[in-house]
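Every value quoted in this text rests on a predicted model; they were computed, and no experiment measured them.
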Amino acid sequence: MSDPTAIAQQFTQFYYQQFDSDRNGLASLYRDTSMLTWESTQIQGSQAITEKLVNLPFAKVQHKIVTIDAQPSSPSTASLIVLVTGQLLVDDGTNPLQFTQVFHLMPEGGSYFVFNDVFRL
């Protein structure tokens with residue numbers, strides 16, 4: 001496996017730039033088997049996850065990543081667990097919210113998709 005930290009950094013940079021600019025673009029990162037847990041609510045499948053993210057109750061968001069940690073998650077598959085902590089500003093607010101997000105990334109065709117995604121404020 002390539003360097004897990006480098007993969008995690010590339011993934012998170014893309015994910016949060018896409019989230020902050022056009023959440024519809026995140027659909028390609030999820031599959032029908034993917035699951036998102038957003039503040040204890042579980043959502044399964046790419047379409048349902050994208051719908052949840054697009055319909056969050058804010059128009060603008062800006063993520064600031066504070067830490068990224070990554071580990072291989074299987075001895076037989078090049079999958080990764082990625083833990084992200086950071087801050088986000090919504091709708092031009094001035095008080096950042098602290099967040100934690102965990103991604104379980106699975107390899108697919110030379111890239112990765114999000115199998116599990118857990119988000120918590």
Side-chain angles (χ1 to χ4, degrees):
M1 175 188 296
S2 299
D3 178 17
T5 301
I7 294 167
Q9 288 173 337
Q10 290 173 353
F11 169 79
T12 54
Q13 180 180 10
F14 175 80
Y15 181 90
Y16 293 113
Q17 284 178 349
Q18 188 65 55
F19 194 109
D20 294 354
S21 62
D22 179 12
R23 286 174 260 169
N24 280 302
L26 296 172
S28 66
L29 298 176
Y30 297 94
R31 302 293 177 268
D32 288 340
T33 56
S34 298
M35 180 169 279
L36 166 67
T37 301
W38 185 275
E39 293 287 315
S40 301
T41 301
Q42 293 186 337
I43 301 134
Q44 185 161 8
S46 178
Q47 183 175 347
I49 291 169
T50 304
E51 185 175 308
K52 170 67 176 177
L53 297 176
V54 167
N55 291 311
L56 290 170
F58 46 80
K60 292 174 62 179
V61 63
Q62 180 183 356
H63 289 83
K64 179 184 177 198
I65 305 307
V66 175
T67 65
I68 300 172
D69 295 300
Q71 295 180 353
S73 63
S74 170
S76 59
T77 305
S79 58
L80 295 174
I81 297 289
V82 180
L83 171 64
V84 180
T85 64
Q87 301 173 334
L88 56 94
L89 287 172
V90 295
D91 293 330
D92 297 319
T94 56
N95 296 321
L97 302 169
Q98 306 296 318
F99 78 92
T100 302
Q101 192 160 13
V102 175
F103 299 99
H104 183 195
L105 304 179
M106 298 294 288
E108 180 183 73
S111 188
Y112 288 85
F113 74 92
V114 179
F115 184 61
N116 299 100
D117 179 352
V118 180
F119 178 88
R120 180 69 74 170
L121 285 174

Applying the 4.5 Å side-chain criterion to the ILVMFWY set and letting contacts propagate, would [X] and [Y] be lumped into a single cluster?
{"X": "F11", "Y": "Y112", "value": "yes"}
{"X": "I65", "Y": "I7", "value": "yes"}
{"X": "V84", "Y": "F14", "value": "yes"}
{"X": "M106", "Y": "L26", "value": "no"}
{"X": "I43", "Y": "L53", "value": "yes"}

Over all atoms of both residues, closest heavy-atom pair of [X] and [Y]:
{"X": "N55", "Y": "E51", "value": "ND2-O, 2.9 Å"}
{"X": "S34", "Y": "R31", "value": "OG-N, 2.8 Å"}
{"X": "K52", "Y": "L36", "value": "CG-CD2, 4.3 Å"}
{"X": "L89", "Y": "T94", "value": "CD2-C, 4.0 Å"}
{"X": "T50", "Y": "R23", "value": "CG2-O, 4.3 Å"}
{"X": "S40", "Y": "R120", "value": "OG-NH2, 2.9 Å"}

Check: F58 main-chain N/O paired with D91 side-chain donor or acceptor under 3.5 Å: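 Flag not set: sc D91 to bb F58 has no pair under 3.5 Å.
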Do side-chain atoms of E39 reach the backbone of L121 as a donor and acceptor pair under 3.5 angstrom?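 Yes: the side chain of E39 pairs with the backbone of L121.
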Plane angle bin for F119 and F99 - parallel if under 30°, tilted between 30 and 60°, otherwise perpendicular: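 If you compare the ring of F99 with that of F119, the planes turn out parallel.
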Using the ring of each side chain (for Trp, its six-membered ring), is F19 parallel, tilted or perpendicular to W38, with breaks at 30° and 60°?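 Judged by the thresholds at 30° and 60°, the geometry between F19 and W38 is parallel.
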Inspect the surroundings of CD in Q98 and state if more than 12 heavy atoms from other residues, nucleotides or ligands are less than 6.0 Å away.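 Atom CD in Q98 is crowded, with more than 12 foreign heavy atoms closer than 6.0 Å.
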Exceeds 12 heavy-atom contacts within 6.0 angstrom, atom CD of Q87: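 It does: Q87 CD has more than 12 such atoms within range.
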Mind checking whether V102 and N116 have side chains closer than 4.5 Å, heavy atoms only?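 No, side chains not in contact.
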Identified salt bridge (Lys or Arg N to Asp or Glu O under 4.0 Å) counterpart of K60 within the set D22, D20, D92: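 Result: among D22, D20, D92, D92 is the only option passing the salt bridge (Lys or Arg N to Asp or Glu O under 4.0 Å) with K60.
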Using the side chain to side chain contact (heavy atoms under 4.5 Å, CB included) definition, which of the options L83, T5, T85, T12 pairs with I68?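 With I68 as partner, L83, T5, T85, T12 yield a single side chain to side chain contact (heavy atoms under 4.5 Å, CB included), made by T12.
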Derivation and outcome, side chain to side chain contact (heavy atoms under 4.5 Å, CB included), residues V82 and Y15: CA-CA 12 Å; V82 180; Y15 181 90; over 6 Å; no
D117 and I49: CA distance, side-chain angles, deciding distance, side chain to side chain contact (heavy atoms under 4.5 Å, CB included) verdict: CA-CA 10 Å; D117 179 352; I49 291 169; 5.7 Å; no
Regarding S79 and S73, is there a side-chain donor-to-acceptor distance under 3.5 Å anywhere?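 There is such a pair between these side chains.
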Straight-line distance of K64 NZ to L88 CG, nearest 0.5 Å: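 Rounded to the nearest 0.5 Å, the NZ-CG separation comes out at 12.5 Å.
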